[in-house]
Amino acid sequence: MTLVIDGLSKSYGHVVALDQVGFRVEPGDIFGFLGANGAGKTTTMRIVLDILRADSGTVTWRGRPNIDLPRRTFGYLPEERGLYPRMRILDQLVFFAGLYGVPAGQARRDAVGWLERFRVTDLADRRADELSKGNQQKIQFIAAILHDPEVVLMDEPFTGLDPVNVALLRSAFLELAARGKTLIFSSHQMEMVEALAGAIAIIDRGRLVTSGPTGEVRRRAGRPIVRLAVEADPELAWVSSLPGVRLIRPGPHVSELTVEPGTDPQSILRAALARGGVVTCFEIADASLEDVFIELVGRSAGDGSPAGARAAVESAA
Amino acid sequence: MSGGHPDGSLMPNAGLVARREYVEKIRSRAFAVATGILIAVAVGAALIPIGLRAVDRGQITRIGVVSSDPAVTARVVDLVSAYLNPVPPGTDSATVRPHYQLSPQMDLASGLAGVHAGRIDSLLEVTIGSDGGLDFTFHGNDGPTSATIQRLQVATFGAAVVEYSQSLPHTGSGPAFHVPSFETQPTDRGSSVAPIDPGAMGSRTLLASILVVVIFITLTVYGMWVATSVASEKTSRVMELLISAATPRQLLVGKVVGVGAAGLTQYLAILVPATIVLALQDPIATALIGPADPGEAPLVGLTLPILLAFGFFILGFLLYAFVYAAAGSLVSRPEDIQQLAMPLSFVSMAGYFAAIFGMTAINSSAVAFLSFVPFFSPYVMLSRVMLGHVDAWEIGLSLALLVAAIAISTWIAARIYGAGVLLYGQRPGFRTFLRVAIRPDGG
Ligand SMILES: Nc1ncnc2c1ncn2[C@@H]1O[C@H](COP(=O)(O)OP(=O)(O)OP(=O)(O)O)[C@@H](O)[C@H]1O
Ligand SMILES: [Mg+2]
């Protein structure tokens, strides 16, 4: 009853894009798919959709291999957005839904409904090349889901959207999940994944690093975070002298610290009080997804590491 | 994909793709402009049959005459020649160019040798009976319905009558008039039968050349339409969505059919005004080149060749279009298509030249061979049908091979397309084409 991705390997010439990648996505989940640039997210999605064939490995949905499933099982929002530049938006939506087997009349009604939801009814008669990038992206999202697929794969659906549209898209995600659809999306925006995804997988340079329910991954992979604020002591210079404690994000009001496994976070509070400080904030939290990501992907990054991850590691040190 | 796959069938997706393609093509400005220009050209071309008639007029059919009596031969030459080359009333006979040239031959053997050598087109053998009556045997490849034969039958009858009246004793009682017989004997010049009136050869060659040129232009232009259309879907990146919604085969077939239908629409738009000009042809011809000769070879008997030409044209388009589509799927920018399509246009050009030059040796075995080779047959078989003799089985075999080649090329093209549309930044070249055809997933 799940989407099972098992042992996927894929090479382009001598570039290994995927190496034995496997994870499971439960039906009805919103699943976050994370990885640095070039990690293999897009490649994995294409293999799931059967528009690319893996060198080895299988993908099954509800027990059936993906290559035997009708194409309408899946909806896809490609990373490279693209519509017919000279075609009317509504016509395109009806055309794509038609390819998935949706009768034109129904497709037209549903498309108009979604355009209303995204507050872009005025776009229906416009040509795609007249649209802004963010608006094209919303249209592309509608194209991905108009045929009511069981599984929707979205490659970075949130990039380029303004906060209002991000909120609209998020609520659409939640509604689809509530209707039992399985949503898989890749993103580089960790807060978004944290907020939306019930489970995640992280891949790094073609290898699966971790996967599972989001909270579990955060607890398992990351060190607990302590948020601390002491009155009249924004620097908190003394914490570095505590064994197993590191100041990772100094802030003007609240600073964040990590605690090595085996170190009791309460020791920080005791130390602060022992110094006679007035503690205005003390909070122990699971590591943020961002920390987990940097921990898992940034740490292993060698020479070929993505620039973004390395920069993040440096700023954290 | 296996036959049992839920997306295995072509319809309705190929139909949807074809319709979208068709509508977009028809609505485009470039289409309207090109069609407008072509209509103008076609109306001009519709005047061609008048030109054809003028060409046929310049054509001289050479007929040798032989009999056992040189005097009889000379008289038959004069009489038949006078009948076959009438001087229109009111014209000076010195200014009229004869259509038929009759010449006496030494004997039957040297006459037939002349036909074989191409010195004369045919030989008229006159047999003088014991009672002085004449019988005629025509050695030539003209069919019994050809204008030459029909007119010769009348002419020889006239010659027999004149000969009979001259041999009558003046007393008035002689042998009864012997009604001359007229037989035709094919001369085997190259092929078993070549039922084409040499008088119509000129016009047929011209018409065949025009059809071959039209097919060449069409295959190249509409083939490029297909390739450009595929490449622009890659450029606009709509491709990735397309192939996640439909199979490469559905997309390919839809595209080729849609573009083909747009091409046919363009043809229709061109044909209608051209047909109107054709319908008004007689008055125009009379005004331009004078009235038709009695019995002048009309442009009939061409319906079958033209229908066949249409069939070969459609199939040829399909064959080339699938390869063009595969080529288009490999380039990232439409500008690169030219380069990738170059080898294909060489193939097309080879077929074109084979057909054009083959017209001078239409019954040679090389031409016959090429008329079965799928990428060439649309051209070469067309000129064979127009100008030489072709058996029905040959046409059938050629068509069957063409259809088989289309099936194979669809399969290979779908393979290349499925892999090619996700490849960006490839060097556009023939080697890329081959590499992807052999190992689509090699990346
Ligand atoms: N067509 C191709 N030819 C050669 N190499 C490719 C091709 N497509 C992808 N790759 C390589 O495969 C690896 C994985 O690429 P992929 O696009 O799946 O990464 P990604 O995780 O989606 O990255 P991003 O976050 O930047 O989108 C990369 O090293 C990439 O260079
Ligand atoms: Mg990607």
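Keep in mind that this is a model prediction, so the values were computed, not measured. Letters A, B, ... are given to chains in the order of the sequence lines, protein chains preceding strands, and every chain is numbered from 1. The analysis underlying the following values was restricted to heavy atoms, covering all of them including side chains, and did not include hydrogens, waters or symmetry mates.
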Would you say that B/Leu242 contacts A/Tyr84 through its side chain, given a criterion of any heavy-atom pair below 4.5 Å between the two side chains?
yes

Are A/Glu79 and B/Glu240 packed together at the side-chain level, in the sense that at least one heavy-atom pair is separated by less than 4.5 angstrom?
no

Enumerate by number any residue of residues 13-31 of chain B whose heavy atoms lie under 4.5 Å from heavy atoms of chain A; in the absence of such residues, state 'none'.
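Answer by number: B/Asn13, B/Leu16, B/Val17, B/Arg20.
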
Counting only heavy atoms not in A/Arg126, do more than 12 fall under 6.0 Å of its CZ?
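Correct, the count exceeds 12.
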
Counting only heavy atoms from other residues, nucleotides and ligands, does the tally under 6.0 Å from CD of A/Glu130 exceed 12?
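Yes, the 6.0 Å shell around CD holds more than 12 heavy atoms from other groups.
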
Of all the heavy-atom pairs spanning [X] and [Y], show the shortest one and how long it is.
| X | Y | value |
| --- | --- | --- |
| B/Arg237 | A/Arg81 | CB-O, 3.6 Å |
| B/Pro248 | A/Arg71 | CD-NH2, 4.4 Å |
| A/Ala143 | B/Leu241 | CB-CD2, 4.1 Å |

Between the main-chain N or O of B/Ala419 and the side-chain N or O of A/Arg53, is there a donor-acceptor pair closer than 3.5 Å?
no

Among residues 94-114 of chain A, residues within the sub-4.5 Å heavy-atom range of chain B, in order of number, are A/Phe95, A/Phe96, A/Gly98, A/Leu99, A/Tyr100

Counting only non-hydrogen atoms closer than 4.5 Å, does A/Ala17 touch chain B with its backbone (N, CA, C, O), its side chain (CB onward), both, or neither?
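Answer is neither: A/Ala17 stays 4.5 Å or more from chain B.
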
OG-CE distance between B/Ser236 and A/Met87, expressed to the nearest 0.5 angstrom:
11.5 Å

